[in-house]
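Following: one structure in structure tokens, then a few remarks.
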Number of protein chains: 2
Amino acid sequence: MKATRKSTEEKLLLAARRLFCRAGIHATGITRILEEAGVARASLYTHYGSKENLLKAVFDTEANMWFHWFDLDLPGLECSARERILALFDLLEKWFEKEDFFGCVFINAVAEHEKDSAWVKDVAVTYRDQIISRLGALVGESGAKDPDIVTQKLGLIIEGAIVTAMVTQNSQAAHIARLTAEDILRCMECSPSLPEGSVSSATAAAMESA
Amino acid sequence: MKATRKSTEEKLLLAARRLFCRAGIHATGITRILEEAGVARASLYTHYGSKENLLKAVFDTEANMWFHWFDLDLPGLECSARERILALFDLLEKWFEKEDFFGCVFINAVAEHEKDSAWVKDVAVTYRDQIISRLGALVGESGAKDPDIVTQKLGLIIEGAIVTAMVTQNSQAAHIARLTAEDILRCMECSPSLPEGSVSSATAAAMESA
DNA sequence: TCAACAATAGACCGATCAGTCTATTTTTAT
DNA sequence: ATAAAAATAGACTGATCGGTCTATTGTTGA
């Protein structure tokens with residue numbers, strides 16, 4: 001608990017992070033950020049130079065949240081790797097419960113920016129790789145038979161939980177994701193396919209939709 | 001296969017749907033839609049009245065895609081309910097493989113609009129409920145012990161697959177989601193918790209992150 | 001005390017946006 | 001063939017945006 005006054009830089013960063021997620025990046029004007037931060041217009045440009053750089057700084061802080069989870073919070077738990085994987089979903093739940101949770105700034109930013117050749121997507125994918133890599137290390141420790149597939153499954157339900165929580169504005173998505181993670185872990189060493197055969201051939205005929 | 005020429009209305013709708021997803025809604029100007037549609041400026045306003053109404057029309061077409069899957073494609077398959085659930089992920093994969101797939105317009109729209117008191121979120125949530133309801137009916141047919149939880153799990157991995165496919169631009173997310181769905185279905189009648197106890201208490205201590 | 005710096009308010013600029021309007025051409029139906 | 005309807009190009013408007021600039025006020029450290 002530092003008693004230090006929040007710096008101008010911090011005030012801008014926090015307001016931008018909140019508004020970019022709550023209202024969208026394009027929809028959030030510089031003026032609104034300045035109002036919420038309680039900071040003068042020129043200060044934004046002396047500290048960050050542009051709205052784009054401010055967004056990059058917001059990306060960094062969001063990535064640091066994830067790195068903090070994987071590099072400090074989860075390793076501090078005295079439990080098995082499998083339990084650490086499940087504990088990740090408790091961290092997600094705490095995140096979703098915050099009053100100013102409005103989705104992941106990476107996902108939201110990608111959603112509202114050009115998907116071909118845009119720096120936003122490149123930055124988001126780079127950070128995503130770093131996060132998935134840490135998740136993969138955790139899965140590796142758990143002794144999964146096919147760690148890559150398990151990692152991809154877990155990454156998918158993490159993203160699903162974030163989006164579900166954003167859209168429904170309900171932190172329960174983390175709990176559902178945790179239950180799903182338990183299913184994945186329970187099936188980790190079982191046979192890779194269902195008793196009944198695949199239906200992928202029967203499905204192919206059913207496609208002519210708009 | 002109709003040989004009918006595409007109407008002005010359709011051309012606008014298709015261009016808008018593609019651009020809203022590929023580049024974002026705010027980032028897509030009217031002029032760009034008109035260029036891609038090959039349509040005059042005034043035609044947009046005679047047919048739709050405003051950019052907002054055009055977005056609503058795009059929402060309708062995307063919802064109809066889902067309704068077509070649940071109400072026509074999947075019921076047409078001669079297989080068990082469980083297999084129909086899995087077949088949904090094959091439909092998703094076909095969707096992701098389209099060259100102009102850039103995410104779900106509902107998710108993307110929510111991501112870039114105000115999350116408190118905005119019509120965009122309300123419309124998206126309404127359609128989401130209708131889709132989840134159809135998914136729930138399918139799960140009910142499969143004889144799941146706890147159909148509500150299973151439905152929420154499946155809904156979550158569907159959203160996860162869509163976002164993963166959007167961010168990574170890789171249709172393989174549908175396959176991972178299908179494998180996860182198989183895990184969920186396989187665990188459907190098993191005991192609801194892992195052999196080892198929960199770690200939720202041990203996790204609570206690890207939270208002070210930014 | 002006073003100079004160097006940081007932050008302030010707010011006018012201002014050029015660009016872009018959604019939407020309107022006019023005048024012209026093309027299509028359609030009879 | 002011709003009149004009505006639909007679509008066209010493109011100029012135009014008012015509002016908003018990101019970013020710059022000036023002038024003033026606090027704040028800090030020697």
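Order of the sequence lines fixes the chain letters, A, B, ..., with proteins taken first and strands second; residue numbering starts at 1 for each chain.
Taking atom CG of B:Leu34 as the reference point, atom C1' of D:dT8 lies 12 Å away to the nearest angstrom. Rounded to whole Å, atom C1' of C:dG19 lies 12 Å from atom NZ of B:Lys51. Between the C1' atom of C:dT16 and the CD atom of B:Glu35 lies a distance of 14 Å, rounded to the nearest Å. A:Leu44 has its CG atom 16 Å from the P atom of C:dA6, to the nearest Å. When rounded to the nearest whole Å, the span between CD of B:Glu52 and C1' of C:dC17 equals 15 Å. C:dG19 atom P lies 12 Å from atom CG of B:Leu55, rounded to whole Å. A:His47 has its NE2 atom 12 Å from the C1' atom of C:dT8, to the nearest Å. Separating the CG atom of B:Asn53 from the P atom of C:dG19 is a distance of 9 Å, rounded to the nearest angstrom.
When heavy atoms are screened at a 4.0 angstrom cut-off, B:Thr46 is found touching no nucleic acid atom at all.
Each of B:Tyr45 and A:Lys11 was matched to the nucleotide of DNA chain C holding its nearest heavy atom; the match closer to the 5' end belongs to A:Lys11.
In this structure, the helix from C:dT1-D:dA30 to C:dT30-D:dA1 shows an angle of 30° between the axis at its start and the axis at its end, each fitted on 5 base pairs and rounded to 10°.
The existence of a salt bridge linking B:Arg178 and B:Glu182 is confirmed by a sub-4.0 Å separation between a basic side-chain nitrogen and an acidic carboxylate oxygen. Ion pairing between B:Lys56 and B:Glu62 fails under the 4.0 Å rule for side-chain N and carboxylate O.
Distances shown here put every side-chain N or O of A:Ser43 at or beyond 4.0 Å from the OP1 or OP2 atom of C:dA7.
Contacts of A:Phe70 classified as ring pair (Phe, Tyr, Trp, His ring centres under 6.0 Å), with partners at least two apart in sequence or in another chain: none. In this structure A:Phe96 satisfies the ring pair (Phe, Tyr, Trp, His ring centres under 6.0 Å) test together with A:Phe101, sequence neighbours excluded. Judged as a side-chain contact (heavy atoms from CB on, under 4.5 Å), and not counting sequence neighbours, the contacts of A:Val120 are A:Leu55, A:Phe59, A:Ala109, A:His113.
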Exercise. Are A:Ile131 and A:Leu135 close enough, and set up right, to give a side chain to side chain contact (heavy atoms under 4.5 Å, CB included), and what steps lead you there?
Worked result: CA-CA 6 Å; A:Ile131 291 164; A:Leu135 178 64; 5.7 Å; no
For this session: Would you sort out whether A:Glu112 and A:Asn108 count as a side chain to side chain donor-acceptor pair (under 3.5 Å), showing the intermediate values?
Result: CA-CA 7 Å; A:Glu112 66 169 300; A:Asn108 292 3; over 6 Å; no
Exercise. Can you check side chain to side chain donor-acceptor pair (under 3.5 Å) on B:Ser80 and B:Glu83, steps first, answer last?
Worked result: CA-CA 5 Å; B:Ser80 69; B:Glu83 285 165 334; 3.3 Å; yes
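Between the side chains of A:Ser142 and A:Arg84, no donor N or O sits under 3.5 Å from an acceptor N or O. Side-chain polar atoms of A:Glu93 and A:His175 form no donor-acceptor pair below 3.5 angstrom.
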Problem set entry | Under 4.0 Å protein heavy-atom contacts per nucleotide of nucleotides 21-29 of chain C, with B for base, S for backbone only and - for none | B--------
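DNA chain C lies under 4.0 Å from no heavy atom of any residue of residues 24-33 of chain A.
Taking the ring axis of B:Phe106 as reference, the NZ or CZ atom of B:Arg128 does not stay both within 45° of it and closer than 6.0 Å to the ring centre.
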